[in-house]
Amino acid sequence: MSTLVPENENQAIEIVKDAKARRQPLAIEGGGTRAGLGRPMQTAAILSTQALSGIIFHEPAEMVIRARAGTPLAQVEAALASKGQVLPFEPMDHRGIFGSEAEPTIGAVAACNISGPRRIRNGAARDSLIGVRFINSAGEAINSGGRVMKNVTGLDLVKLQCGAWGTLGLLTEVTFKVIPASETEGALVLEGLDDTTAIAAMSAALGSPFEVSGAAHEPGAPARTILRIEHFSSSVDYRLGELEKLLSKFGRPRRLDRQASQALWRNIRDAASLNEDRSKALWRISVAPSQAPQVITTLSDKGLTFEYFFDWGGGLIWLSLPASGDASAVQIRAALSGTSGHATLVRAPLELRQSVEVFQPQSIAMMKLIQGVKASMDSAGIFNPGRMYAGV
Amino acid sequence: MSSILFPKPDPGILARRDEIIAGLTRLLPSECLITSEDERRAFETDALTAYRRMPLAVALPRSTEEVSALLAFCAAEGVKVVPRGAGTSLAGGAIPQEDALVIAVTKLNKILDVNYPNRTVRVQAGVTNLSISESVMPDGFFYAPDPSSQLACTIAGNIGMNSGGAHCLKYGVTTNNVLGVRMVLMDGTIVDIGGDALEAPGYDLLGLIVGSEGQLGIVTEATLRILRMAEGARPVLFGFPSSESAGACVAAIIGAGIVPVAMEFMDKPAIAICEAFAKAGYPLDVEAMLIIEVEGSEIEMETQLARIIEIAGKHDVQVVKESRSAMETALIWKGRKSAFGATGRVADYICMDGTVPTGQLSHVLKRTGEIVESYGLRVANVFHAGDGNMHPLILYNVNDPAEQEQAEAAGMDILKLCVDVGGCLTGEHGVGIEKRDLMRHQFTEADLAQQMSVRAVFDKDWLLNPSKVFPLEGRNAA
Ligand SMILES: Cc1cc2nc3c(=O)[nH]c(=O)nc-3n(C[C@H](O)[C@H](O)[C@H](O)COP(=O)(O)OP(=O)(O)OC[C@H]3O[C@@H](n4cnc5c(N)ncnc54)[C@H](O)[C@@H]3O)c2cc1C
């Protein structure tokens with residue numbers, strides 16, 4: 001398959017127009033790190049954002065950065081770090097999951113709404129993405145949002161693009177709100193809690209005034225429930241102390257210093273504990289925290305064997321199991337019925353992704369809206385067709 | 001006064017008014033349907049009171065199912081619909097038109113569920129913003145977006161406008177705090193989008209709906225995030241000799257890695273107006289004032305305030321006033337939160353809402369003063385300095401049509417300026433009818449056509465709040 005690498009927006013527009021005229025669907029690619037995520041696509045060529053690269057501006061005092069879509073995430077993070085800032089939502093690095101050595105791009109972070117543990121406190125990528133520029137299938141460059149964080153002018157197409165996995169156009173520029181990096185961080189680790197008790201402990205911590213910025217639980221021997229505080233150093237000490245008191249009925253937690261906390265949360269962010277055997281299927285399940293233990297119990301009761309852990313205070317379940325059959329898709333989604341939870345098959349072999357819906361199937365009414373939105377931006381059906389849903 | 005145009009009412013609908021009302025009567029009991037001229041008058045306008053239109057009728061449904069029946073009926077009959085919450089929109093977002101049915105959700109005013117472990121509430125869309133916080137406050141929680149109108153405005157309207165508030169620098173605006181909605185589409189279909197999980201599957205339709213100004217459907221229920229209140233909150237008040245030094249101080253605070261919960265700016269005229277009203281102890285001899293609020297424990301607040309005060313010291317600060325008690329805190333905020341009301345006692349005003357990159361604040365303030373002066377009017381500025389969301393209040397006399405026109409023209413010039421320096425037309429009040437005709441200043445034809453074609457997915461016949469947001473001419477481009 002050929003790879004098209006436009007060096008500027010005009011070239012990208014020409015490529016899109018040409019693809020439309022020839023009805024040749026394009027697979028949009030940033031670094032290619034996450035190429036293995038999604039339904040397999042029938043595309044004629046890869047449209048790469050690699051050469052649409054570079055930071056357009058970073059205004060630390062305005063807490064905003066704009067970059068071209070193909071800019072390596074690492075470059076964005078380094079530029080921010082040089083001014084003591086970070087992306088608020090702590091985007092996860094998928095390379096571990098997929099065993100990829102490619103370079104993740106900031107455009108893909110936007111397109112796939114990639115967040116991490118700090119999402120429970122600071123929102124997802126979608127909450128910090130304040131502007132996009134994209135090319136629709138008519139070959140028009142469209143702006144939505146801008147560079148200011150308060151903006152309600154017109155329909156918010158930024159949100160639509162964020163998490164559309166490239167099915168609604170080619171992002172060429174993205175603008176994110178950023179925040180100061182916290183001075184330091186620390187964590188508490190409670191040991192030996194079962195799932196239900198762990199969720200209760202995390203809910204207590206997240207319902208406290210101490211602005212917990214990470215809450216995860218790893219079952220096992222011993223199970224670990226981990227809570228993070230990021231702040232000025234005096235506040236971190238104080239808040240960890242208060243949390244210890246608050247959580248005393250759950251046990252006596254161990255404290256982790258900055259370095260240990262950082263290492264641990266990087267692993268949680270990247271679901272590193274489920275990476276040892278990449279032949280296994282990996283599910284990402286979003287659910288209300290209080291329902292998470294029940295989902296796990298239901299799956300165990302059905303006799304499934306799997307490994308898992310909770311992030312987001314229980315609102316996110318990472319679950320890995322053998323990639324045989326349907327990778328338990330039917331059972332996992334059945335366990336979620338009656339909740340507003342949903343499951344995404346993040347990692348699975350190609351054949352499996354051909355037969356199992358990767359993204360949560362939608363109701364007929366919702367599907368109609370999704371198809372309508374797709375047609376309104378990609379009437380030619382040339383951007384990542386079928387990656388999320390058949391015909392979309 | 002009539003510089004903003006309304007489309008001509010559809011004579012076919014007006015002629016069929018009796019028949020349409022008869023149809024509505026079959027769907028709703030009489031106490032939920034307002035048809036008399038006297039009673040309809042209460043719904044003629046919103047907080048953009050210079051404009052008013054008498055609606056065809058007003059429906060006050062009590063359930064999602066009733067909303068569904070109403071919309072299905074209107075779709076079949078080709079009747080336009082204007083969704084309405086409390087009618088506090090400053091942009092004319094809820095102003096009716098003669099050939100439209102107003103559907104107001106104010107009877108849908110129950111809090112359905114509070115879930116502390118998940119930190120969510122589920123509410124009917126007509127509950128007021130403040131009542132949500134009030135219901136969870138005894139347990140130490142709150143709903144973060146806090147528009148100054150929070151006593152009156154509804155969650156439905158907040159979702160319609162993606163409303164903000166003084167504390168959104170830290171906590172975000174409505175779109176960052178809504179997890180799900182139940183919404184009725186124009187054909188009557190009921191959809192649940194999102195829910196009590198942090199993320200919804202598929203496209204982020206929720207993000208599209210928030211801020212869509214009643215053009216995509218009628219929201220009847222919402223699931224919202226609630227947060228635990230900080231241990232304490234304390235504002236400090238600074239007086240500066242110029243808005244430049246105040247602006248530089250804001251930038252320096254952020255540069256030092258501190259993001260306060262709120263950073264509110266007032267200029268000299270605004271200080272005078274608010275002080276006269278609230279007796280908050282604002283300094284009257286400074287050119288600019290900042291209210292900066294921090295949160296945390298006693299010690300944390302003290303440490304943070306000390307750092308902030310130190311920074312302010314490097315920016316020519318003239319007056320530093322730390323709140324010493326809950327009462328002082330309440331007073332300081334009372335002055336700020338009543339800014340619009342207090343201004344209303346002095347003169348009629350129109351409130352602009354553009355956002356600018358914070359680096360441009362001083363420049364835009366200066367130009368705003370010059371613009372308003374060139375129209376022979378006065379302006380007071382109150383705004384959210386941390387995020388650049390300006391609120392110039394242009395003072396005029398509503399009974400003087402010429403002056404009103406001048407005021408509007410000045411407002412439009414200011415909004416164009418906001419766009420020209422890299423900002424936008426509206427940071428939290430919405431486009432409504434007020435800024436509709438400026439949309440082409442911010443967006444290209446292609447941008448607007450793209451938005452309109454997305455809109456059409458939800459409402460292909462343009463029946464929902466059709467005269468808002470998009471310029472009236474050139475719509476068939478979509
Ligand atoms: C004194 C004053 C102070 C204010 N302060 C602030 C402030 O600090 N921050 C801020 O952001 N705003 C502020 N506002 C503006 C206004 O209060 C907000 O826009 C508010 O969200 C409107 O809510 P409402 O219930 O009055 O809605 P309405 O004015 O009735 O409607 C607002 C919009 O939402 C749509 N809508 C209403 N109900 C629904 C529904 N069920 N489904 C779909 N769409 C619907 C309407 O069609 C309309 O477009 C202020 C207004 C006043 C008068």
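Naming convention: chains lettered A, B, ... in sequence-line order (proteins, then strands); numbering from 1 in each chain. Note: hydrogens, waters and symmetry copies are ignored here, and every other heavy atom, side chains too, is used.
- No part of B:V250 comes within reach of chain A, as not one of its non-hydrogen atoms sits under 4.5 angstrom from that chain.
- Taking CG of B:L448 as the start and CD1 of A:I142 as the end, the distance is 9.0 Å to the nearest 0.5 Å.
- Rounding to the nearest 0.5 Å gives a distance of 11.0 Å between CD1 of A:I179 and CG of B:L169.
- Of the two parts of A:Q362, only the side chain, counted from C-beta on, holds a non-hydrogen atom closer than 4.5 Å to a non-hydrogen atom of chain B.
- Counting all heavy atoms, side chain and backbone alike, B:D204 lies closest to A:K159 at CB-O, 3.3 Å.
- Residue contact with chain A, scored on non-hydrogen atoms closer than 4.5 Å, involves the backbone and the side chain of B:V454 alike.
- Only the side chain of A:Q291 comes within contact range of chain B, with at least one heavy atom under 4.5 Å from a heavy atom of that chain.
- Heavy atoms closer than 4.5 Å to chain B are found in the backbone of A:V287, but not in its side chain.
- With B:E428 contributing its side chain and A:N151 its backbone, the two residues share no donor-acceptor pair below 3.5 Å.
- A side chain to side chain contact (heavy atoms under 4.5 Å, CB included) with A:L155 is found for exactly one of B:R455, B:Q215, B:M452, namely B:R455.
- Between the side chains of A:S290 and B:N118, a donor-acceptor pair is found at a separation under 3.5 Å.
- Separation of atoms CD1 (B:I254) and CD (A:E59) is listed at 12.0 Å; rounding is to 0.5 Å.
- The parts of B:A446 that come within reach of chain A are both its backbone and its side chain, each placing non-hydrogen atoms under 4.5 angstrom from that chain.
- For a residue to count as touching a neighbouring chain, one of its non-hydrogen atoms must lie under 4.5 Å from one of that chain's; by this rule B:A252 does not touch chain A.
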Please walk me through it: do A:L160 and B:L205 pass side-chain contact (heavy atoms from CB on, under 4.5 Å)? CA-CA 7 Å; A:L160 276 185; B:L205 297 181; 4.0 Å; yes

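- Below 4.5 Å, heavy atoms of chain B meet heavy atoms from A:F134, A:N136, A:E140, all part of residues 131-140 of chain A.
- Here B:H441 contributes atom NE2 and A:T153 contributes atom OG1; the two are 12.0 Å apart, rounded to the nearest 0.5 Å.
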Verdict with supporting geometry, B:H429 and A:V152, side-chain contact (heavy atoms from CB on, under 4.5 Å): CA-CA 7 Å; B:H429 296 167; A:V152 298; over 6 Å; no

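- Within the 4.5 angstrom heavy-atom criterion, only side-chain atoms of B:T189, from C-beta onward, approach chain A.
- By the ring-ring contact (aromatic ring centres under 6.0 Å, His included) test, A:F210 is found to be paired with no residue, residues two or more places apart in sequence or in another chain being considered.
- No other option in B:A200, B:G386, B:G194 has as many heavy-atom pairs under 4.5 Å with chain A as B:A200.
- Note that the OG atom of A:S376 and the CD atom of B:Q451 stand 11.0 Å from one another [nearest 0.5 Å].
- When each of A:A288, A:P60, A:A181, A:G154 is scored by its heavy-atom pairs under 4.5 Å with chain B, the top score falls to A:A288.
- Looking only at heavy-atom pairs under 4.5 Å with chain A, the residue among B:I209, B:T175, B:V259, B:V173 that has the most is B:T175.
- Counting heavy atoms from C-beta outward, B:P357 and A:V148 have side chains that approach closer than 4.5 Å.
- A salt bridge links B:E300 and A:R239; the closest N-O separation between the charged side-chain nitrogens and carboxylate oxygens is under 4.0 Å.
- Atom CD1 of A:I56 sits in a crowded spot, with more than 12 heavy atoms from other residues, nucleotides or ligands closer than 6.0 Å.
- Interface residue A:T167: backbone and side-chain heavy atoms are both found under 4.5 Å from chain B.
- Both the backbone and the side chain of A:K374 come within contact range of chain B, judged by heavy atoms closer than 4.5 Å.
- Here A:R284 is the residue among A:K177, A:R284, A:R121 with the most heavy-atom pairs under 4.5 Å with chain B.
- Interface remark: A:I120 contributes backbone and side-chain atoms alike to the contact with chain B (heavy atom separation under 4.5 Å).
- Put simply, of B:G255, B:P201, B:A197, B:G195, the one with the most heavy-atom pairs under 4.5 Å next to chain A is B:P201.
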For A:S203 and B:Y116, what are the C-alpha separation, side-chain angles and deciding distance, and is it a side-chain contact (heavy atoms from CB on, under 4.5 Å)? CA-CA 8 Å; A:S203 287; B:Y116 290 120; over 6 Å; no

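- Taking a cutoff of 4.0 Å between a charged side-chain nitrogen and a carboxylate oxygen, A:R126 and B:E199 do not qualify as a salt bridge.
- In summary, the side chains of B:N176 and A:D127 do present a donor paired with an acceptor at a separation below 3.5 Å, with no hydrogens or angles considered.
- Highest contact tally toward chain A, considering only B:L198, B:L425, B:N177, is held by B:L198 [criterion: heavy-atom pairs under 4.5 Å].
- If you measure heavy-atom distances from B:D139 to chain A, you find no contacts under 4.5 Å at all.
- There is no contact between A:A343 and chain B, counting heavy-atom distances below 4.5 Å.
- Both the backbone and the side chain of A:P289 come within less than 4.5 Å of a heavy atom of chain B.
- Residues from residues 180-187 of chain B that place a non-hydrogen atom less than 4.5 Å from a non-hydrogen atom of chain A comprise B:L185, B:D187, given in numerical order.
- Interatomic distance, NZ of A:K150 versus OG1 of B:T355, reported as 7.0 Å (0.5 Å rounding).
- Nearest heavy-atom pair, B:S297 versus A:Y238, reported as atom, atom and distance to 0.1 Å: CB-OH, 3.3 Å.
- With a 4.5 angstrom heavy-atom cutoff, A:S208 touches chain B only via backbone atoms.
- Proximity to chain A (any heavy atom under 4.5 Å) is restricted, for B:M439, to the side chain, taken from C-beta onward.
- Taking each heavy atom of B:G257 and A:P180 in turn, the nearest pair found is CA-CB, 3.4 Å.
- Among the candidates B:G207, B:G427, B:G202, B:S163, the residue making the largest number of heavy-atom pairs closer than 4.5 Å to chain A is B:G427.
- Between B:M229 and A:P209, the closest heavy-atom pair is O-CB, 3.3 Å.
- Residue contact with chain B, scored on non-hydrogen atoms closer than 4.5 Å, involves the backbone and the side chain of A:M377 alike.
- The candidate with the highest count of non-hydrogen atom pairs below 4.5 Å against chain A, out of B:P117, B:A256, B:G354, is B:P117.
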Could you go through the side-chain contact (heavy atoms from CB on, under 4.5 Å) check for A:M149 and B:C168 one step at a time? CA-CA 10 Å; A:M149 25 178 132; B:C168 60; over 6 Å; no

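- Of the listed residues (A:E242, A:R119, A:M63), the one with the most heavy-atom contacts under 4.5 Å to chain B is A:R119.
- B:Y203 is linked by a ring-ring contact (aromatic ring centres under 6.0 Å, His included) to nothing, counting only residues two or more places apart in sequence or in another chain.
- Between B:D447 and A:A141, the shortest heavy-atom distance links the atoms OD1-O, 3.9 Å.
- Of the atoms belonging to A:Q161, not a single heavy atom falls under 4.5 Å from chain B.
- For B:K170, the part lying near chain A is the side chain, with the backbone staying farther off; criterion is any non-hydrogen pair under 4.5 Å.
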